[in-house]
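Let me begin by presenting the structure, written as structure tokens, before commenting on it.
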Protein chains: 2
Amino acid sequence: MSSKFTCLRSARLAARYPCRRRTFATAASSRADHVRIVEVGPRDGLQNEKQSIPVATKIELVERLARTGLQTIEAGSFVSLKWTPQMANSSEILEHVLRSTPQSPHPITYQWLLPNVKGLDNFLSVLKSHSQAQQDPYPSPPPSPGFDDGPALNTSSQDPNAMPSSSSGAEAMGKPRGASSSTTSPVHELSIFTAATETFTQKNTNCSIAESLKRFEPIMARGKETGLNVRAYISVALGCPYEGPNVDPHKVAELAVSLLEMGANEISVADTTGMGTAPKTLELLKTLNAAGVDKSDLALHFHDTYGQALVNSVVALEHGIRTFDASVSGLGGCPFSPGATGNVATEDMVHCFHSLGLRTGVDMEKLSEVGEWISQQLGRANESRAGKALLAKIRKELLT
Amino acid sequence: MSSKFTCLRSARLAARYPCRRRTFATAASSRADHVRIVEVGPRDGLQNEKQSIPVATKIELVERLARTGLQTIEAGSFVSLKWTPQMANSSEILEHVLRSTPQSPHPITYQWLLPNVKGLDNFLSVLKSHSQAQQDPYPSPPPSPGFDDGPALNTSSQDPNAMPSSSSGAEAMGKPRGASSSTTSPVHELSIFTAATETFTQKNTNCSIAESLKRFEPIMARGKETGLNVRAYISVALGCPYEGPNVDPHKVAELAVSLLEMGANEISVADTTGMGTAPKTLELLKTLNAAGVDKSDLALHFHDTYGQALVNSVVALEHGIRTFDASVSGLGGCPFSPGATGNVATEDMVHCFHSLGLRTGVDMEKLSEVGEWISQQLGRANESRAGKALLAKIRKELLT
């Protein structure tokens with residue numbers, strides 16, 4: 001059996017030795033058993049909301065997510081307010097995270113989306129102001145009591161997303177954790193985005209794919225200078241609203257190679273339209289592999305528009321992918337299919353991965369509560385099936 | 001590679017030879033490539049609806065479903081109206097189907113749930129009345145112009161669900177079919193139900209599992225006498241609301257063997273609570289296999305309460321299962337988790353299976369329209385992601 005079928009092999013072993021199933025969740029952390037979830041709700045999720053969301057709600061969302069055990073959170077974007085007014089408060093969110101590190105059981109990596117050098121300048125100026133304020137004994141306005149030693153730029157060679165060895169199997173199984181929390185300064189990363197088709201790139205960023213790569217060069221260079229990792233999204237990798245479902249996987253692979261060669265630290269391959277299927281996902285991953293893209297440099301970003309996100313995720317797991325993007329309570333919607341579902345719900349993905357014996361470090365109950373809370377705040381339906389079911393079960397147990 | 005991994009092997013082949021992918025859908029019908037969908041919306045779906053649904057709506061639902069290419073529809077139940085008032089009109093639905101065969105591209109098998117001999121008596125009396133009316137030259141009230149030669153009892157050894165060879169690959173890919181329709185009389189089957197745990201059986205049917213089997217004996221005997229196939233549900237096979245998620249798979253296998261030995265023609269193994277996971281599904285299927293239960297005698301009935309129904313279905317596909325229950329637009333809800341999702345949506349399942357190169361005979365667009373229609377009729381949310389996305393895409397294309 002090919003080693004690519006780790007996940008179903010785990011399922012088969014778990015089925016064969018049911019009494020030993022917990023060992024998959026309680027075994028010491030290793031690359032094969034640990035899945036890194038990138039929570040994109042506060043940025044990719046909220047940016048499509050039509051209503052104006054108070055910055056306090058956005059900050060509270062980030063803080064609540066930090067307490068669930070998630071280790072990577074895409075917290076905002078420094079984009080043109082003309083095009084994405086919902087992201088107007090991202091500098092305030094960054095300032096808050098810098099001033100008052102959100103409590104979390106693990107150190108957290110925050111990602112910030114930047115479309116161009118102007119966005120990067122704005123981002124870096126917030127970092128710089130904070131750094132100066134830290135050196136000023138009488139800063140005005142005064143920092144909150146929770147301030148620390150300033151942002152931890154990612155200058156070490158250590159993987160900022162490595163799972164601490166203290167993470168328990170109980171977390172992977174969704175059991176409550178103790179009150180321990182991290183006091184380590186968060187790490188910050190930059191995100192950039194292009195797309196797999198010319199039409200989408202033109203309509204989304206008003207330039208060709210080649211021009212979008214050109215725009216990234218100074219961002220990559222300054223990211224390296226300042227010790228900030230760079231993640232690159234490739235949108236519409238499994239289907240384009242303008243060019244249809246059959247996006248050329250070789251084009252995606254070519255783009256991924258270019259971005260990695262330019263200095264990107266991770267490629268998030270995004271099924272923006274949810275048109276991805278199991279065979280297409282496998283075809284794309286094989287093409288990326290054949291082009292020399294290492295699995296550990298890839299993240300998969302599925303939308304559940306056609307309900308296939310978890311099936312596609314299992315295919316990617318079997319192919320060795322261990323980083324997945326998701327959005328709490330399925331925040332995000334689908335601008336290309338009004339009324340349809342958007343990002344896969346983090347709760348559904350975590351429930352699936354835990355059921356396969358994989359570890360995420362995320363507390364399912366806490367995560368489900370965040371999903372319900374933000375859905376209520378926004379007056380929208382909670383799109384997570386596992387989250388709704390788990391909370392309904394807990395409430396029923398409390399009543400009986 | 002084990003032959004159990006047909007489905008992912010299909011995905012891998014499709015990925016390797018993308019230009020040949022359509023051959024999976026256009027190849028001549030065979031057992032391995034054809035999946036039989038049992039549409040349970042009109043019975044399992046509607047029975048949990050709180051509001052009273054007009055019989056005309058129920059009949060129209062059955063008629064609309066028949067036109068989608070579905071070949072098996074669970075259309076109603078002859079149960080105690082005290083416990084399940086929503087099913088009050090099942091005799092009228094049966095009478096309608098007998099009088100006026102719903103138009104359909106393939107011959108249809110209708111299933112009717114019966115809890116006991118009284119239910120069977122009521123069911124058979126409707127059949128008998130119709131048969132007598134057919135022989136009466138002046139029946140009162142007069143039959144509709146569409147009446148035919150009476151119900152076709154399943155007395156032949158031919159598989160009533162075999163896919164006609166005229167079924168085109170275009171259907172499997174969701175393309176519109178021609179106007180051809182079946183004039184063959186429908187086949188009728190009986191369904192009975194028990195459960196995998198004593199507590200659920202007591203609470204649901206007020207008897208022990210052994211007593212429930214005893215109740216089935218006369219139903220099985222009369223089913224055989226009248227040439228009607230019998231399907232047996234085993235509820236809570238992958239998790240019980242009273243006894244928890246770890247239902248003993250050996251208990252399920254023992255029950256399945258007993259029911260088959262008693263004369264059941266098919267066992268529908270039901271994950272009533274949606275607690276099923278990929279490893280548990282595989283463990284159960286292996287246990288059933290080890291107990292001598294043939295894959296072709298099994299149907300899988302998944303609920304999407306925790307969002308895992310399609311992942312579990314793919315595991316079952318890989319294990320060789322080719323019959324799956326589903327409910328259009330996810331009709332049904334989950335009485336054990338108020339607010340949570342119930343039956344997996346037929347549209348999501350069909351979209352998934354078609355994407356894997358399997359054939360269902362179902363027209364995705366027509367099915368999605370039925371899902372939207374019944375959701376509107378009931379004033380409920382359409383729980384099918386694929387259905388909503390497909391209709392949104394079609395509407396957008398019509399506007400541009």
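Here is how names work: the chains are called A, B, and so on, in the same order as the sequence lines, proteins then strands, and each is numbered from 1. Small disclaimer: the values here were computed from a predicted structure and weren't measured.
- Across B:P279 and A:S355, no two heavy atoms sit closer than the pair CG-O, 3.2 Å.
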* Just do the side chain to side chain contact (heavy atoms under 4.5 Å, CB included) check on A:R385 and B:H303 with the steps written out, would you? => CA-CA 11 Å; A:R385 297 180 174 194; B:H303 280 217; over 6 Å; no
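- Between B:D348 and A:Q308, the closest heavy-atom pair is O-NE2, 3.4 Å.
- Across B:T287, B:D304, B:N382, the residue that shares the most heavy-atom pairs under 4.5 angstrom with chain A is B:D304.
- Distance check: B:T277 OG1 to A:H354 NE2 gives 13.0 Å after rounding to the nearest 0.5 Å.
- Atom CG of residue B:N312 and atom SG of residue A:C352 lie 8.5 Å apart, to the nearest 0.5 angstrom.
- To the nearest 0.5 Å, atom NZ of residue B:K388 and atom OG1 of residue A:T305 are 10.0 Å apart.
- Contact between B:A386 and A:Y306 at its shortest, heavy atoms only, is CB-O, 3.7 Å.
- Of the listed residues (A:L390, A:L285, A:L391), the greatest number of heavy-atom pairs within a distance under 4.5 Å of chain B belongs to A:L390.
- For B:E347, no part lies under 4.5 angstrom from a heavy atom of chain A.
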